[in-house]
Peer 1: 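Starting off with a structure, shown below.
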Amino acid sequence: MDYLTRSMMAFCGGSFCSSYGKACGLEGILYSNTCVNHFLVISITVLLFFAFLMNFARKSAMISMQTLFQLSSPLKISSIIFNGCLGFAYLGLGLWMLEEKLGRGDGFFPLHVWLVVFSQGFSWILISFVASIRAKQLGEAFIKVWSGVASVFAAFLCISSVLGILLARVISVRIVLDLLTLPGAIMLLLCAFKGSLEDYDTLAGSLYAPLSNDSYTKSNSSDMFVTPFSNAGFVSRISFWWLNSLMKKGCEKPLDEKDIPHMGEMDRAECRYFMFLEQLSRQLQSSHTTSPSFFRAIVSCHKKEILVSGLFALLKVLTLSAGPMLLNAFIKVSVGMGTFKYEGYVLALGMFLVKFLESLSQRQWHFRTRMLGLQIRSLLSAAVYQKQLRLSSLAKLIHSSGEIMNYVTVDAYRIGEFPVWFHQTWTTCLQLCIALVILYHAVGLATISSMVVIVLTVLCNAPVAKLQHKFQTRLMEAQDERLKAMSEALVNMKVLKLYAWETHFKKVIEVLREEECKWLSAFQLQRAYNSFLFWSSPVVVSAATFLTCYLMEIPLYPSNVFTFVATLRLVQDPVRSIPDVIGAFIQAKVAFGRIVKFLDSEELQSGNIRKSCSGNVEHPIVIKSASFSWDGNPSKLTLRNINLELKPGEKIAICGEVGSGKSTLLAAILGEVPNTEGMIQVFGKIAYVSQNAWIQTGTVQENILFGSAMNKQKYQEALERCSLVKDLDVLPFGDLTVVGERGVNLSGGQKQRVQLARALYQDAEIYLLDDPFSAVDAHTATSLFNDYVTGALSSKTVLLVTHQVDFLPAFDSILLMSEGEVLRSAPYHELMVSSKEFQDLVNAHKDTADPESLEKLVSHKTCMRAREIHDTCINNQQKITKSSGEDQLIKKEEKESGDTGLKPYLQYLNQNKGFLYSSLAALSHIIFISGQISQNSWMAANVQNPQVSTLRLITVYLAIGCSTAIFLLSRSVFVVVLGLQSSKSLFSQLLNCLFRAPMSFFDSTPLGRILSRVSSDLSIVDLDVPFSLIFSISATLNAYSNLGILAFITWQVLFVSIPMVYLTIRLQAYYLNSAKELMRINGTTKSLVANHLSESVSGAVTIRAFQEEDRFFAKNLELIDSNASPFFHNFAASEWLIQRIETMGAAVLSTSALVMALLPPGTFSSGLVGMALSYGFSLNMSLVFSVENQCTLANYIISVERLNQYMHISSEAPEIVGGNRPPPNWPVIGKVELRDLKIRYRPDTPLVLQGISCTFEGGHKIGIVGRTGSGKTTLIGALFRLIEPSGGKIIIDGLNIATIGLHDLRSRFGIIPQDPTLFHGSVRYNLDPLGQHSDLEIWEVLEKCQLREVVQEKEQGLDSLVVEDGSNWSMGQRQLFCLGRALLRKSRILVLDEATASIDNTTDAILQKTIRTEFIDCTVITVAHRIPTVMDCTKVLGISDGKLVEYDTPMKLMKTEGSLFGELVKEYWSHTVNAD
């Protein structure tokens, strides 16, 4: 024991206390001038040294002296020099102190005084040494942990030094050195992480090879213009200097996409996604689980970024908390209680440095977390896209295309916004803890009441947070439902217009929107409650604390009152942001849950079916006793007991009735349908042509090449074999013509032939063709069959689904299918002899016309003559001069340019009394601020006034605070009302405009552009704009009130504050030049991501069939990066601006303090000094909140701008013309007169119909025939006024259809459109969406349509499910549904636009009979490629190249030499003759 006492005496000189006797015991650890503090510092130094020594000894065998040191970056060199100088300064100081001590004859004791300085000197020289070593030599993990401990140690030294100053009232050289240790340690920490990143960069190329050669090339080329951030030095990154060039360019001219640099290699979606996959695979290997944690994988990928941003957040909290302590010291200086002569100047300088360091740390914290959010967003967007390419058919029923769109455009973005708030959760708690310590020093035990109020506030929020989670979940579900309905309506807008169903579908969407608004209202009211709770909490905290002070008789002085007020003002902004943190957390949690559920969905197992082959294969396709079910359920089989073996080069035709399983068999070969029993194997490359043509937005050439390299000879051959050469000649830009989404500006036949060309160009081994000839005329079908199937594919294995029996004799074998089974498989002639079902199928149309008589009527010479006419027409077609892409159908997405000023804000506030609600909210906040200023002014003026009792002082203070809190509640309520009313109004106008837009708008606008507006943009307007608007106004009012108080008390500060305000406004304008353009480009690039996703979802089967998933995924990654880059530079620009404004704010505060220090003590009352500086300290934060909110609002308001672009589309003619409505029974006769009808699609394009004149008598059956692309469907469009005539008119029963409303016109016609369309819902809903017919009527119609048995077999009958696009029904069945709609409507005029193209001949014959019976007195206008369909028509109209070439009875036309119809009949029946 004596030994311990002597040791303590030798080390401490008798006491662990400071020489001032105020810091004793364990709390003395916090003060830099106590022995216990010195003991702790020396102990940590020794531990750091030994930890380094042991690790160095352990690694010495592996360390190479040649590669030990690395001086690669300016940051490393700066760290080595700075820390080295600091270490030598400590050693020099230690030697000087020891010399002084020995000179005075004091000896070496006590040791702690000089030993602590020596120990710190050695430790910082060691830190300098560690900074120079290559990270991987000592181990990355060790370097990071060791550096982290050194940084925490340095932070402790800083805090203890500041507390030491406050206790001792003396600043020494050692304390200054202690304060400098923190930046030195942080530089070391940055070196540690940056060093590991550099080492990682060298490996990145080998770890993550690009997806394909194309993406690799693009990646390399893009490196030529990578963001300067990726190569910026330490100082440039800290100060955002690297952004100056882009900001300057944005000021000189409006930024364009090509001005924005690409993302750095490590920040690209490809790199982040593969890092994520690597983490998932590690989890699978380590834990042997089948379902790895996506959350853990994401955290593992980004733990370094989370840690570094967390350290900056910690530094920000520490520097922020130093403010009130400096304020306390300054108030004492102002009343003459300073400890040394120039303490005021030192404190003023200290205030500037503290605020400057706070600014640097907060900006890096926010920038890095936003960067982290962007990386996570890119990663999740890529993961969702990759998943949808592999989604099983069952999973597609759960996740519709609209929902998948939502996962990327809304959910991934919400998750990307969360990291910004993540550190706020623990920093707010830490700030509150530090604040409570400061408050304890200021008001003693009264702090307990502050703590109780804060705890109660958080507890009050707990049940609300659960409710908010529930409301957010319901809101997202409602949003999904609404988006699904909108997506379906927009995709099928042409069908809605033809049936005059727009109003009904619009009402359905409006009902879904009302449900969404109900949950939106609930969610926003919860946010308003949270906002009120946390904004009012500082008022309640101060009330409770001062009341406790009175009850406990704790004296109130300016120093402790305004230390308390300043501390409260500093924590009130983080406390007020708690609702936002909670909201962001809940939104991210819900969004992440939805995405995880999607990523966990069932995938296709096609890899087990398709095998790669090397060399010759005996059987490319082998199916043995296999059964298949779309939903994977063995009890609900779609195909049963299928046996099929194909030899190389074999040609197989598949035929059968509608719904017999023909298309499903092809899907099973592609691996799309789960195999429940038996075996299926496919060897070789497949080319697939779907029944419903899938065309991408892009040029015709891009659609044909489909990612393959251009081979001119092969490409030209593909065009010739697919009869596309002449079609391309008449397109305005040939094969460089941009085709719209889903090929809207191509005819049905042209789309199919582009698909056929795409398949041929791929040069595959196996060709799966799903009824490709149904959309083309007989002549083209013949040409295609001869040149394509029997010519180009002569050596290929072919499976062709067809309803056209003409081509069947040419096949090696025919599969006859019925009800999911193969009835017979044999060559044509064998089947004709042995199968009654096959005979019925082939002979279905033989009674329509006699081939022998036709042979006599139409000679071979006539046939040749007709072909010459056709060629001449084509050659004489007007040639259109090739010009720039500006004349293309699909325009580049429009966006505003330059400064639009207040226009978008006014657009938002002009909705539903928006100005009134926003003004009331702003007024409420002004009253609240005035109340706060009155409170603090009352306290400042009377805290030392002996005539005002403490009770009265506190009572008035509380009364003002509580009365103004009511206005916070009113502000929150007005904001919610403003948001809801504006959102409802904007959506209503947008919906009306979209549903009233002409078809030309939908033809030229990719769906992704519209969907990105009604999903992500609308979500921002719903949730973010109202609160962002009021917070922007509130924060700006707060900032200027703070500045006003400071200027009022110390008017001299106006010399600095006026230039600062001016510079702030100029800087903000300079920033907005670039920021607005960046945000607009962000919007347009987001549309490209959405559009590509939308197309990929609809074409997933084709993409998988051609095994092009990697290319499409690479394209998606490229689009994600092009969207990420403007977003990245936008938030970097925001930090660039705020950092400069914060620095100016720090200058204003320190100037104000300097003015007070220069003037003699007593010039200002201590109360006013306290009030001025408490407002001054929060000036920085309020300025930042003001600018941040204004910048955020400026970004969010772009969404209003984008919505507004589609709120002023030129609309169609009115739905109803009040003064000119047709009689209720119109049309009575059904007489249709075409008088010199001229149609062009756009003003700058040639005529598509060139002056057609003819009359369809009432009750006549009119057939319209012509080659593919001749204008048949355009004529039908003109009849329904989908396209308005540019000349001439159409008169029906004496009424010019151009004079009546569109609804009155379209609702009186019946139509069976070219593309059969079904909607998500029930069978009943699809036949009668308006609910105008009874079940009995619907069953009768189903029987006439040959669908009754199919529907009855389903458990739910008329309520049976029809999924999106009707994909759970065959194409033929869908067309039968469309016939059912026409039968229910019973219109006087019926239009059949190739209505039976997708059904077999037998069903076609029955249906033609049904139509003849049911519509016996009606005018029936039939567009058909199947000649028997129009053979019994009263008259036939022949169109060629938009001109009427003939109009007469079928028999007369067949006798006329050179007749187009005669030629078509000859071509059609020649195949039948050959077949026989």
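Not measured: the values here are computed from a predicted model.
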Peer 1: Quick check: are there more than 12 heavy atoms from other residues, nucleotides or ligands sitting under 6.0 Å from CD of Gln1332?
Peer 2: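 More than 12 heavy atoms, drawn from other residues, nucleotides or ligands, come within 6.0 Å of this atom.
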
Peer 1: Compare every heavy atom of Ala1213 with every heavy atom of Leu1302, then report the nearest pair and how far apart it is.
Peer 2: CD1-O, 3.3 Å

Peer 1: What's the separation between atom CG in Leu1279 and atom OG1 in Thr1274, rounded to the nearest 0.5 Å?
Peer 2: 12.5 Å

Peer 1: Does Val410 offer a backbone N or O that forms a donor-acceptor pair with the side chain of Ser1016 under 3.5 Å?
Peer 2: no

Peer 1: With salt bridge (charged side-chain N to carboxylate O under 4.0 Å, His left out) as the test, would you mind laying out the steps for Arg1281 and Glu1215 before giving the verdict?
Peer 2: CA-CA 11 Å; Arg1281 286 178 65 194; Glu1215 290 186 305; over 6 Å; no

Peer 1: After noting the C-alpha distance and the side-chain angles of Ser1015 and Thr409, does the key distance pass the side chain to side chain donor-acceptor pair (under 3.5 Å) rule?
Peer 2: CA-CA 7 Å; Ser1015 57; Thr409 57; 3.3 Å; yes

Peer 1: Under the 3.5 angstrom rule, does the side chain of Gln691 hit a backbone N or O of Ser663 as a donor-acceptor pair?
Peer 2: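 Checking the backbone N and O of Ser663 against the side chain of Gln691, no donor-acceptor pair under 3.5 Å is found.
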
Peer 1: To check you understand the geometry: which heavy-atom pair defines the closest contact between Glu672 and Val1101, and what is its length?
Peer 2: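 Glu672 and Val1101 have their closest heavy atoms at OE1-CG2, 3.8 Å.
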
Peer 1: Evaluate Cys1378 against Tyr499 for side chain to side chain contact (heavy atoms under 4.5 Å, CB included), listing each step before the verdict.
Peer 2: CA-CA 10 Å; Cys1378 295; Tyr499 285 117; 3.9 Å; yes

Peer 1: Assess the side chains of Arg1202 and Thr1084: does a donor N or O sit below 3.5 Å from an acceptor N or O?
Peer 2: no

Peer 1: Could you go through the side chain to side chain contact (heavy atoms under 4.5 Å, CB included) check for Asp1335 and Arg1324 one step at a time?
Peer 2: CA-CA 8 Å; Asp1335 283 8; Arg1324 180 190 287 104; 2.9 Å; yes

Peer 1: Restricting to non-hydrogen atoms, name the atom on Gly1321 and the atom on Asn1326 that form the minimum distance, rounded to 0.1 Å.
Peer 2: C-ND2, 4.4 Å

Peer 1: Is there a side chain to side chain donor-acceptor pair (under 3.5 Å) between His399 and Ser601? Walk through the geometry before answering.
Peer 2: CA-CA 9 Å; His399 305 280; Ser601 300; 2.9 Å; yes

Peer 1: Under 6.0 Å between ring centres: does that hold for Tyr385 and His1092?
Peer 2: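 Tyr385 vs His1092: aromatic centres under 6.0 Å.
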
Peer 1: With side chains defined as the heavy atoms from C-beta onward, is the minimum distance between Thr1317 and Arg1374 less than 4.5 Å?
Peer 2: no

Peer 1: Start with the C-alpha gap between Gln989 and Gln911, add the side-chain angles, then the distance that decides, and say whether side chain to side chain donor-acceptor pair (under 3.5 Å) holds.
Peer 2: CA-CA 10 Å; Gln989 291 176 60; Gln911 313 296 325; 2.5 Å; yes

Peer 1: Check Leu1093 against Met405 and note the closest heavy-atom contact, atom names and distance.
Peer 2: CD2-CA, 3.9 Å

Peer 1: Determine, for Arg513 against Asp1022, whether the closest basic-nitrogen to carboxylate-oxygen distance falls under 4.0 angstrom.
Peer 2: yes

Peer 1: Kindly compute the distance separating CG (Leu490) from CZ (Arg1009), expressed to the nearest 0.5 Å.
Peer 2: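 Taking CG in Leu490 and CZ in Arg1009, the distance rounds to 14.5 Å.
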
Peer 1: Got a second to check how far Leu1379's CG is from Leu1347's CG, nearest 0.5 Å?
Peer 2: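 That separation rounds to 8.5 Å.
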
Peer 1: Decide whether a cation-pi geometry holds between Lys494 and Trp501; the criteria are a distance under 6.0 Å from NZ or CZ to the six-membered ring centre and an angle within 45° of the ring axis.
Peer 2: no

Peer 1: Compute whether any side-chain donor of one residue and acceptor of the other, for Asp770 and Ser690, lie under 3.5 angstrom apart.
Peer 2: no

Peer 1: Salt-bridge test for Lys484 and Glu477: reply yes if a basic N is under 4.0 Å from a carboxylate O, no otherwise.
Peer 2: no

Peer 1: Quick one: are Leu1342 and Leu1376 in side-chain contact, heavy atoms under 4.5 Å?
Peer 2: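 They are not in contact (no side-chain heavy atoms under 4.5 Å apart), so the answer is no.
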
Peer 1: For the pair Phe1319 and Phe505, name the ring-plane relationship: parallel under 30°, tilted 30 to 60°, perpendicular over 60°.
Peer 2: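 Judged by the thresholds at 30° and 60°, the geometry between Phe1319 and Phe505 is tilted.
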
Peer 1: Is a donor from one side chain sitting under 3.5 angstrom from an acceptor on the other, for Arg1385 and Ser1307?
Peer 2: no

Peer 1: Would you call Arg482-Glu515 a salt bridge at under 4.0 Å N-O?
Peer 2: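 Looking at Arg482 and Glu515, the cut-off is not met.
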
Peer 1: So, do Ile1264 and Thr1422 sit near enough that their side-chain heavy atoms are less than 4.5 Å apart?
Peer 2: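 Ile1264 vs Thr1422: side chains apart.
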
Peer 1: Find out whether Trp1226 and Ile1292 are in side-chain contact, i.e. whether some heavy atom of one side chain is under 4.5 Å from a heavy atom of the other.
Peer 2: yes

Peer 1: For a quick test of reading the model, state the closest non-hydrogen atom pair linking His1333 to Ile1338 and the distance between them.
Peer 2: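 Scanning both residues completely, I find the closest heavy atoms to be O-CD1, 4.3 Å.
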
Peer 1: Would you please test Arg1308 and Arg1388 for side chain to side chain contact (heavy atoms under 4.5 Å, CB included) and show each step?
Peer 2: CA-CA 7 Å; Arg1308 308 298 175 90; Arg1388 197 71 185 171; over 6 Å; no

Peer 1: Counting distance only, does the side-chain N/O of Ser1360 pair as donor-acceptor with the main-chain N or O of Gly1357 below 3.5 Å?
Peer 2: yes

Peer 1: Using the six-membered ring wherever Trp is involved, compare the ring planes of Tyr407 and Phe598 and label them parallel, tilted or perpendicular (cut-offs 30° and 60°).
Peer 2: tilted

Peer 1: How close do Ile1239 and Ala1278 get, counting heavy atoms only, and between which atoms?
Peer 2: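 Closest pair (atom of Ile1239, atom of Ala1278, distance): CD1-CB, 3.7 Å.
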
Peer 1: Check this for me: does any side-chain nitrogen of one of Arg594 and Asp480 sit under 4.0 Å from a carboxylate oxygen of the other?
Peer 2: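 Looking at Asp480 together with Arg594, the answer is yes, because their closest N to O distance falls below 4.0 Å.
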
Peer 1: Identify whether the distance between the nearest side-chain nitrogen and carboxylate oxygen of Glu510 and Lys506 falls below 4.0 Å.
Peer 2: yes

Peer 1: Applying side-chain contact (heavy atoms from CB on, under 4.5 Å) between Leu990 and each of Ile1010, Leu1203, Asp1017, Ile1209, report the one that passes.
Peer 2: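 The option that passes is Leu1203.
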
Peer 1: I'd like to check Phe1280 versus Lys497 (side-chain heavy atoms, cut-off strictly below 4.5 Å). Are they in contact?
Peer 2: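 In short, these two side chains do not touch, never coming nearer than 4.5 Å.
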
Peer 1: Could you state the interatomic distance from CD (Gln479) to CD (Glu516), rounded to the nearest 0.5 Å?
Peer 2: 5.0 Å

Peer 1: Before giving the answer on side chain to side chain contact (heavy atoms under 4.5 Å, CB included), spell out for Asp1359 and Tyr1325 the whole-Å C-alpha distance, their side-chain angles and the decisive distance to 0.1 Å.
Peer 2: CA-CA 8 Å; Asp1359 294 317; Tyr1325 179 75; over 6 Å; no

Peer 1: Taking C-beta and beyond as the side chain, do Pro1026 and Val976 meet within less than 4.5 Å on heavy atoms?
Peer 2: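 No; the side chains remain at least 4.5 Å from each other.
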
Peer 1: In Å and rounded to the nearest 0.5 Å, what is the SG to CD distance from Cys1345 to Gln1373?
Peer 2: 12.0 Å

Peer 1: Let me see the working for Lys507 and Glu502 under salt bridge (charged side-chain N to carboxylate O under 4.0 Å, His left out), right down to the final yes or no.
Peer 2: CA-CA 9 Å; Lys507 281 177 183 171; Glu502 312 104 299; over 6 Å; no

Peer 1: Is a side-chain N or O of Ser983 found less than 3.5 angstrom from the main chain of Leu980, in a donor-acceptor match?
Peer 2: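 It does not hold such a pair.
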
Peer 1: Less than 4.5 Å apart, side chain to side chain, heavy atoms only: is that true for Asp411 and Met476?
Peer 2: yes

Peer 1: Quiz question: by atom type and distance under 3.5 Å, do the side chains of Gln388 and Ser1096 form a donor-acceptor pair?
Peer 2: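 Distance-only check fails for Gln388 and Ser1096.
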
Peer 1: Using 0.5 Å steps for rounding, measure from the CE atom of Met1207 to the CG atom of Leu991.
Peer 2: 11.5 Å

Peer 1: Scan side-chain atoms only and decide if Gln1352 and Glu1349 contain a donor-acceptor pair under the 3.5 Å cut-off.
Peer 2: no

Peer 1: Can you tell me how the ring of Phe1001 sits relative to the ring of Tyr1206, calling it parallel under 30°, perpendicular over 60° and tilted otherwise?
Peer 2: perpendicular

Peer 1: Say whether, by atom type as modelled, one donor and one acceptor occur between the side chain of Ser988 and the main chain of Lys984 under 3.5 angstrom.
Peer 2: no

Peer 1: So, do Ile1290 and Asn1296 sit near enough that their side-chain heavy atoms are less than 4.5 Å apart?
Peer 2: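 They are not in side-chain contact.
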
Peer 1: Taking everything shown except Lys1344 itself, do over 12 heavy atoms lie less than 6.0 Å from its NZ?
Peer 2: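 Yes, because the 6.0 Å sphere around NZ of Lys1344 holds more than 12 heavy atoms from other groups.
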
